[in-house]
Each structure stands twice: as structure tokens, then as C-alpha cells.
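All values derive from a computational prediction rather than experimental measurement. Below, each value reflects all heavy atoms present in this structure, side chains not excepted, and no hydrogens, waters or symmetry copies. Heads up: numbering here begins at 1 and tracks the sequence. Whatever order the structure lists ligands and atoms in, that order sets their numbers, starting from 1.
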Amino acid sequence: MKKLFYFFLLAVIISSCSGNKPNENANKAVQDSVQTYLDSYNSKYKEVSIIANEAEWASNTHIVEGDSTNAKATNKANEEYAKFTGSKMNIETATAFLTQKDKLTELQVKQLKAILYKAANNPETLEDVVKERIKATTAQTEKLFGFDFKLSGKSVSTNDIDGILATEQDPAKRLKAWESSKEVGKGLKEGLVHLRDLRNKTVQGLGYKDFFEYQVSDYGMTTQEMIDMLQKFNKELYPLFRELHTWTRYELAKKYKAKEVPDLIPAHWLPNRWGQDWSALVEVEGINLDSALKTKDAEWIVKQGERFYVSLGFPELPGSFWDKSDLYPAPVDANYKKNNHASAWHMDYEKDVRSLMSVEPNSEWYETSHHELGHIYYYLSYSNPDVPVLLREGANRAYHEALGSLMGMAAMQKPFMENLDLIPKGTKSDDMKTLLKEALNFVVFIPWSTGTMSMFEHDLYANNLPADQFNKRWWETVAKYQGIAPPSVRGEEYCDAATKTHINDDAAQYYDYALSFVLLFQLHDHIAKNILHQDPHATNYYGNKEVGKFIEDMMYPGASKDWRIALKEQTGSDLSAKAMLDYFAPLMDYLKKENEGRKYTLSEVQ
Ligand code: X8Z
Ligand code: ZN
């Protein structure tokens, strides 16, 4: 390999000598040598990724206490992956070639930049730090997903806990379930402190200030630009969130027969472990998806997701998806545990696509299945000859999250559900209540994602938040953005932030979801108005090939196209919360009336 490197460098030098008067031949020569290098990189990259992905897959689907077989294989495979992607040779070659970027094609420049971006995450120059980080990452995943949640001394799954938080009426039982869900954080704190340091150190090797900056740079943005954008979206949605918050405080105080309406919502009152989605608080008479899904089984949920995509013109999922995915909860008596958070995997950068879920027949998993299949169809779409392996990623990370969430939202609109016979045709229902339920999902998510998660992680990585302040800062942030308080004082022996999957294994990237929600409304608005000619509040995408083509065209180029240009072409505008604001605008007057005479406890401006 060393020899090859000098050959490449020589090619660069020769071509730069003749490069004073650029001509097509000189360009062609440089392009050819760059292409030889890229071809070899792409092929080796695929090879090491497959081994690492297979090992990770085993580590996430089969966690056995005391058995280190999977962890060892995962560490080894990730070390090999790091050795290649972070090698000095790749860093130097890509850097040298980039000095000639004017002579290269856009696709080549993008790939060289992708090589450097990947290298910065595990540079060979910091081999020991990288190795330590790999080990710490694997251990953290095992601890998080191998954890045995207990309720009254009995093992329970996170699905069980979520079920209680969604439906239980007794605040004492809710409190127990909530507290049980936070126990896992205690054992994750040390690992998180260590991982924070290791993540920062690895990316500092190639000049990034910290891991937050590194992750944000994937969007071509600085940390400040990202924070400004997040705060802008949060501010724009804040007046509506403030109404929702006020409405919810009063509703829940009534529901749980509290003597007083609390200023901050007690966390265990909410139907989600982190208060990120409050939609289960509202039931819309006539269109209760949860009760419709009770007659179905878990497999129907995933198959229905596939039917929807196929109806739009996408292919059926490959047989290997069904054979190799791990879609349903581990049996109660299983001697292993599995990652309980939904994910989608692109194993070989070709057609080996898999999903890891714990699907049960309820609306949460119905939405999540559509979300995961969005990732899967994205993988399948950009795995085409026009997109080099290195660029088989979303236009940006938010795009990857948005497309499946868009389909999840579309699959929950009334005309769609009528069409599927999930509800009887011609069902009468209260549209404002539907909008309220949707807002309790999508709008409530904004302060959580732009605020709590992103600002906490910014503090963690960019400001090196001291370890003895993790929980204090977490709950200050939760109060500030979400208007939620813990049921009782949570000292530093807890690490409530670490109960959230992404804090451990998808670090400093949660704003992806915030942006994805904004983007999905922008895309939905375009689809509803310009393709379907339907009211965005009541669409039916099912079976519409034009909608399918619009989505497929968006997915096909992967990361080979600049996301800002693509978005402008697709929707005619830059990323903006306008469509989301328009969608929920009718709710503002309704909530203001509902909240008349009530005390608002969130300040007027965020
Ligand atoms: O983590 C996810 C996906 C991962 S592929 C299931 N989501 C965020 C979360 O659960 O916190 C989807 C939306 C928000
Ligand atoms: Zn996702």
C-alpha cells in the first residue's frame, strides 16, 4: 500500500507542475489517478465496514451478561475499520489530492472530503485513544441495552414501561415506572464521562475543537450557525409550545387530581420517558389508531409499512431483509437482551439492509416502523451505480431521518387510515383535536430536540461540562426548554441524560431529528399542495406514484448532491419552519381560548 501512496503523490506533483496552464489533459491525468485511489478506497472501505457492521449487529441483537464474545469481535472489527479509515496514508493522500481540487470532478472532491471526515473520527496518529474509545463504546452499549429494568422486583421491558406511561392513571404507579426507567443511567455515567473525553480527543487530532463541532461540520456548518438555526426554529414554534404546555399542565392536574396546577409538568405525568412526545394524552374519538391496531399483530405493522412504500412505486423489500432483520421483542424468557431502540442498518452499502426493532401492535411502533423503513428505502435507493460507496448516505443526516418520519406522519392522517380500513370510511371526528394530538407529538418535540438534547450535548462536548454537574445541568435544561421537572430531586448519583440512547451511541447528533421534523413539514406541504392537491391536514399518499417519484428522486443521489441546492430544487425554498407553522396555525386560537384565565408559567419569549 505504501508504494501505491507514493505513486499517487507523484501523480499529484507531476500534474501540479504541468498545472500552470490548466488544460483538459492535465485535469484528466489527475482525475485518473484520483479515481484509481478512490476505487481502491471505496472497495476496501466496503470490506472493513461489512465486518464491523456484522459484529455490531451481533453486539446489538444478542447481549448476554458475562459473555464477551461479541464485544471482542466488535472491538477487533472496529479497530480494523479505524486502522483503515484513519490511516496516515489515507489522510495524506486525500489531503494532497484536495490541493488539486480545481482539476477534479465534484464527485471526486466530495469523496476526498468524506475520507478526511471519516479519518478525523479515528486518526491513526491517536491510535491508543481510538482503541480506548472503541472499547468504551462497546462497553457502554452493552451496559445500556443489557440492563435489566425492574418494577416491583420483576424484570420488565422498555415496551412495558412505555405502555404504563402511555395509559396508567394512577400517579403512584406511573412514578414507579418512570423511576425504574431512569435506573439504567446510574451505571452509564462513568462511561459517558470517559467517552466524552475520548470523543473530543479523537477529533481534536485533525483540528476540530470538539466532538460537537465535528458532528455539526457534516452539514457544512459551524457550531454557532447550527445553534443559531436551532434556536431560530425553537423560537418560531415557542408561542404554540407555550400554549400546549399551559393546556397540558391543567389537563394533567385535573386527570391526576392534583391539588394545585404545577408550574413545571412532573416528568412522570407525561406519556414518554423523556417528555419528548405527549400525543398519547389525547384520544380522538372515531380515529383511535391504537384500538384499530389491537386487532393486528406486530408483523402486520411492518408489512403494512412495506405495502405503503410499494404502493408508491418502491420495490418490495429484499428477502434478506425479512430473514436477517430483528424486528420483534426478545422472548420474555430469553437468556439474552437486545438493543430496545429502533434502528435501520446498511450492512454492505448494497442491498443487505436490516432493521432492529421491538415492534408491538400500537401506534408508536406503527409510526416507528414507517420511520425505519424510510431509512431502509433510502439505503436501497442510493445503492446504485451513480453513487460511490463513500457517498451512500443521506443528502444530510436530517434528510435520512425526515423521509421515514414523513411517511409515518402521512400514514396517520385520516384519509389514509380510512383508505386502509383502519377506521370506517366517512368517520366523523374532531379535526381540532386531531391537530392538537399531532402538535403534542411534532411541536412538543422541538424544544426537546433543539433545546434539551442539543444544548446539553453542546455543554457536554464544547464546554466540557464537569462530571459533578451532569444531572443538575440536564434538569435545568429540561426545565428551561420543555417546562418539565423531575418528580423529586435527582442527585448526581443519577445520570438521567444517559437514559436516552443517543447520548450514548449517537453522540452530538440529535439536532438531526429537530431539523428532520422541520424538513418533513416542508416536504409534506409541497407534496400535499403541488402533487396531491389536497389539504396538508388530510392527505392520502397511498398508491400515488408521483409522490413516490418525488421521494425516490430525493433519495437516489444520496450524499452526491449538495443538500441546500437539492432542497431548493425540490421545494423551491431553503430549510424553513414556515410549513410547520402554517400547519399548526389553526391550533393557536383554539388553545388560547382553552387557556383563557389560566396561569402561564413559561415566559412569553424563550
Ligand atoms: O431515534 C429515533 C429513530 C432512530 S432510527 C427511531 N428517533 C428519535 C427518538 O426516538 O428519540 C425518531 C424520532 C426521534
Ligand atoms: Zn431514524
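For atom 7 (N) of ligand 1, the nearest non-hydrogen atom of the protein is Tyr513 CE2, 3.4 Å. Among protein heavy atoms, atom 6 (C) of ligand 1 sits closest to Glu372 OE2, 3.1 Å. Looking only at protein heavy atoms, the nearest one to atom 10 (O) of ligand 1 is His341 CE1, 3.2 Å. Of the protein's non-hydrogen atoms, His371 NE2, 3.5 Å is the one closest to atom 3 (C) of ligand 1.
Considering both main-chain and side-chain atoms, Thr368 never comes within under 3.5 Å of ligand 1 through any nitrogen or oxygen pair. Looking at Tyr510 next to ligand 1, an N or O pair under 3.5 Å apart turns up. Between Glu401 and ligand 1, no pair of N/O atoms sits closer than 3.5 Å. For a threshold of 3.5 Å applied to N or O pairs, the pair formed by His375 and ligand 1 contains no separation below that value.
Among the atoms of Glu401, an N, O or S atom falls under 2.8 Å from the Zn ion (ligand 2).
The pair Glu236-Lys578 fails the salt-bridge criterion, with no side-chain N (NZ, NE, NH1 or NH2) lying under 4.0 Å from an Asp/Glu carboxylate O. One finds no salt bridge joining Asp228 and Lys232 here, because no Lys/Arg side-chain nitrogen approaches an Asp/Glu carboxylate oxygen to under 4.0 Å. Salt-bridge annotation for Lys472 and Glu476: present, with a side-chain N of the basic residue lying under 4.0 Å from a carboxylate O of the acidic one.
Under 3.5 Å, the side chains of Tyr513 and His502 contain a donor-acceptor pair of N or O atoms. If you check the side chains of His524 and Tyr541, you find a donor sitting under 3.5 Å from an acceptor. Counting only N and O atoms by type, the side chains of Ser157 and Asp160 include a donor and acceptor under 3.5 Å apart.
Taking the side chain as every heavy atom from C-beta outward, Asn504 and Lys143 never approach each other to under 4.5 Å.
Relative ring orientation between Phe456 and Phe470 is described as perpendicular, the plane-to-plane angle rising above 60° on a 0-90° scale split at 30° and 60°.
Close approach of ligand 1 to Phe445 (heavy-atom distance below 4.0 Å) involves ligand atoms 14 (C). Heavy-atom contacts of Gln276 reach the following atoms of ligand 1: 9 (C), 10 (O), 11 (O) (cutoff under 4.0 Å). Atoms of ligand 1 lying under 4.0 Å from at least one heavy atom of Ala342, given by number and element, are 4 (C), 5 (S), 6 (C). For ligand 1 and His502, the ligand atoms under 4.0 Å from any heavy atom of the residue are 1 (O), 2 (C), 9 (C), 11 (O). Taking every non-hydrogen atom of Lys500 and a distance limit under 4.0 Å, the qualifying atoms of ligand 1 come out as 9 (C), 10 (O), 11 (O).
For the Zn ion (ligand 2), the nearest N, O or S atom contributed by His375 is named NE2.
Taking the six-membered ring for Trp and the full ring otherwise, the centers of Phe233 and Tyr511 sit at least 6.0 Å from each other.
The CG atom of Leu520 sits 10.0 Å away from atom OH of Tyr583, with the distance rounded to the nearest 0.5 Å.
Put simply, no part of Trp274 is less than 4.0 Å from ligand 1, judged by heavy atoms.
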